[in-house]
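What's counted below: heavy atoms across the whole structure, side chains too, no hydrogens, waters or symmetry copies. As the structure is a prediction and not an experimental result, all values here were calculated from the model.
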Amino acid sequence: MRPIYQHPWNVSLSDAVAIQRRLACHIEWDNRFSQIDTIAGVDVCIRNDKLHAAVVVLKFPVLQCVETALAEQPATFPYRPGLLAFREGPVILKALKKLKRLPDITIFDGHGRAHPYQIGIACHLGLLLNRPTIGCAKKRLWGQFEEPGNQKGQYSPITDKKTIIGAALRTRTNVKPVFVSSGHRVNLAASMQLVLDCCRGYRLPETIRQAHHLSVTSFEIS
DNA sequence: GCGACAG
DNA sequence: ATCTTGTCGC
């Protein structure tokens, strides 16, 4: 089956918003995955207007690396809060296409549902890839939340007009929380559990940490 | 007009 | 995200 959703990337800011609003109603918030054999982390770094994307696929739940992929591309679309997918999406898809096998779950360094139109980069790319995804950001973009308790595992909801759109989750005791939200086909509870399952180190899931390291390393070499 | 604002 | 020195907390 060919990709169902596709759209141009070289668009104006207003067109980008229009595309988001059109795609948003197709995002699925319920779990639609079964066995999880692999889970991946994706991240992008920018040097001299060049984007470097890295994806690290880990066997789950042992978190052993089974495959990685890199891609680079000039940065064209500007950074605008809410439109991150249009800036980083293309180079990320380029890296993901190099994988022998797409991961069962993919975690992004950015939001999912906790976005003004409920279509953060994790939702957007999950829909285009037709795969389950999770958003895991370092800072809030949309919605209100209270600081969660200081112990690892404690969390508080991120809400938008009484609707829970994500959670501020403490992945390490006494360390700033991460902001987790559903991407595509993974509900909030499962997203939070998986993010915690992927934490073996600092405060981001091991998957994203490794991808970040890899993306930084790649531009240092290039 | 002012404040907020993923990466 | 990137740039970039000293500095606060455990």
Distance, rounded to the nearest Å, where A/L169 contributes CG and B/dA6 contributes P: 19 Å
salt_bridge(A/R101, A/D104) N-O dist < 4.0 Å: yes
Rounded distance (Å) that lies between atom P of C/dA1 and atom CZ of A/F77: 19 Å
Under-4.0 Å salt bridge between A/R200 and A/E206: no
A/Y117 OH to B/dC5 C1', straight-line distance once rounded to whole Å: 13 Å
Whole-Å gap separating C1' (C/dT2) and NZ (A/K139): 12 Å
Residue A/R47, side-chain atoms from C-beta onward, closest of C/dT2, B/dA6, B/dG7: C/dT2
Which nucleotide in C/dA1, C/dC3, B/dC5 has an atom nearest any side-chain atom of A/L141: B/dC5
Under 5.5 Å and under 30°: A/F179 stacked on B/dA6: no
Any A/R140 side-chain nitrogen or oxygen under 4.0 Å from OP1 or OP2 of B/dC5: yes
Sugar-phosphate only, base, or nothing, as touched by A/G135 at under 4.0 Å among non-hydrogen atoms: nothing
Length of the CD1-C1' vector between A/I165 and B/dA6, whole Å: 12 Å
Salt-bridge contact A/K59-A/E67 (side-chain N to carboxylate O under 4.0 Å): no
Sugar-phosphate, base or nothing in reach of A/L83, heavy atoms under 4.0 Å: base
Between P of C/dA1 and CG of A/N48, the distance in whole Å: 16 Å
For atom CZ of A/R80 and atom C1' of B/dA4, their distance in whole Å: 15 Å
Separation of B/dC5 C1' from A/K138 NZ (nearest whole Å): 15 Å
Aromatic centroids of A/H124 and A/Y5 separated by under 6.0 Å: no
Nucleotide nearest A/D43 when distance is taken to its side chain, options C/dC3, B/dA6, B/dG7: B/dG7
Side chains of A/F219 and A/C45 in contact at under 4.5 Å (non-hydrogen atoms): yes
